[in-house]
Amino acid sequence: MAGKIITLEDVKRDPQVKAYIEKGNEILGVIGYTEHGFAHAKRSSDYACHILKTLGYGERTCELAAIAGYMHDIGNVINRIDHAQSGALMAFTILTNMGMPADEIAQVTAAIGNHDEGTAAAVNPIAAALILSDKSDVRRTRVRNKETVTSDIHDRVNYAVEQAFLEISSENKTAVLDIVIDTSICPVMEYFEIFLTRMVLCRSAAQYLGLAFELVINGVRLL
């Protein structure tokens, strides 16, 4: 069935998408999660698009990755548990009502429904790019309350990260997540304690895209 070309800007302007990102982020704040608002949505969108562009994917596939990245956490407005699946169903309805073609909706919703580490899989290039972009977003500015840094390991690890950059090389066929951690705030072992599952997932996503995943922390290659 034919549809119309829905752009990232169309999605950003949609009042439902705006409301669900904003309210989902508020809900996660109540239960003590790091920032999952517009900043995380934009970064995930930008990086997912960049990854596929770097690897030579077509312009439309790259834009679909950007759309998936921007919408991927809207399911948090329902519940953090299974938010990937609920978010995919919400995105299905929104994009259908906007007039996106069914084959494109299928790609975007598959990526959203497969981005959370509990049930994730790199089922298509968009999903693989989304996994890498989402899981590499570790940064100090995602911590909402500095007072919880000493008591909450997730806040402590994010707050300790001074720099994080995902570098994709089509020439070397690598995806390198380079992180600088202030070890006076958080030892490197604590990063692995909470993020090892995510890093294994990133390796699987990178492999789907024909890349080797590498994790470098404070100049030392660890994975």
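Numbers here simply count residues along the sequence, with the first being 1. Not measured: the values here are computed from a predicted model.
F92 approaches T96 most closely through the heavy-atom pair O-OG1, 2.6 Å. Contact detail for A175 and I168: the closest heavy-atom pair is CB-CD1, 3.6 Å. Considering all non-hydrogen atoms of both residues, T148 and N145 come closest at OG1-O, 2.7 Å. I21 and A41 make their closest contact through CD1-CB, 4.2 Å (heavy atoms, listed as atom of the first residue, atom of the second, distance). Scanning all heavy atoms of the two residues, the minimum distance from C186 to I181 falls at O-CG2, 3.5 Å. Across every non-hydrogen atom of A205 and A122, the tightest pair is CA-CB, 3.9 Å.
Residues forming a side-chain contact (heavy atoms from CB on, under 4.5 Å) with D82 (at least two apart in sequence, or on another chain): Q85. With sequence neighbours left out, the side-chain contact (heavy atoms from CB on, under 4.5 Å) criterion links K23 to E26, V77. Take E63 and apply the side-chain contact (heavy atoms from CB on, under 4.5 Å) test, not counting sequence neighbours, and it matches T7, L8, R60, I67. For C62, the side-chain contact (heavy atoms from CB on, under 4.5 Å) partners two or more places apart in sequence, or in a different chain, are C49, L52, K53, Y57.
Using a 4.0 Å cut-off between a side-chain N of Lys or Arg and a carboxylate O of Asp or Glu, K42 and D46 qualify as a salt bridge. Salt bridge K12/D10: absent, no basic N to carboxylate O contact under 4.0 Å. E35 has a carboxylate O that lies under 4.0 Å from a charged side-chain N of R139, or vice versa, which qualifies the two as a salt bridge.
The shortest side-chain heavy-atom distance between M90 and I78 falls under the 4.5 Å cut-off. The closest side-chain heavy-atom distance from M71 to Y20 is not below 4.5 Å. Annotation: side chain of L132 is in contact with side chain of F213 (closest heavy-atom distance under 4.5 Å).
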Quick one, L166 with D178, criterion side chain to side chain contact (heavy atoms under 4.5 Å, CB included). Give me CA distance, side-chain angles, the key distance, then yes/no. CA-CA 6 Å; L166 179 66; D178 195 340; over 6 Å; no
H36 and H83: CA distance, side-chain angles, deciding distance, side chain to side chain donor-acceptor pair (under 3.5 Å) verdict: CA-CA 12 Å; H36 282 72; H83 75 283; over 6 Å; no
Can H154 and Y33 be said to form a side chain to side chain contact (heavy atoms under 4.5 Å, CB included), step by step? CA-CA 8 Å; H154 290 85; Y33 276 78; over 6 Å; no
Residues D73, N25; criterion side chain to side chain contact (heavy atoms under 4.5 Å, CB included); working and verdict: CA-CA 9 Å; D73 270 340; N25 187 43; over 6 Å; no
Step by step, work out the side chain to side chain contact (heavy atoms under 4.5 Å, CB included) result for Y47 and D137. CA-CA 9 Å; Y47 269 60; D137 188 14; over 6 Å; no
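Residues V11 and L130 do not share a hydrophobic cluster, clusters being chains of Ile/Leu/Val/Met/Phe/Trp/Tyr side chains in contact below 4.5 Å. When hydrophobic clusters are built by joining Ile, Leu, Val, Met, Phe, Trp and Tyr residues whose side-chain heavy atoms come closer than 4.5 Å, directly or via intermediates, I179 is grouped together with F165.
The NE2 atom of H115 lies 9.5 Å from the OG atom of S133; values are rounded to the nearest 0.5 Å.
The side chain to side chain donor-acceptor pair (under 3.5 Å) analysis of residues 196-215, with sequence neighbours excluded, yields the pairs E117-R198.
Looking at H40 and D134, their side chains do bring a donor and an acceptor atom within 3.5 Å of each other. At a cut-off of 3.5 Å, with distance as the only test, no side-chain donor of N158 or T34 sits close to an acceptor on the other residue. Using a 3.5 Å distance cut-off with no hydrogens or angles, the side chains of N172 and T174 do not pair a donor with an acceptor.
Grouped by direct or indirect side-chain proximity (heavy atoms under 4.5 Å, Ile/Leu/Val/Met/Phe/Trp/Tyr only), V143 sits with V149, Y159, I185.
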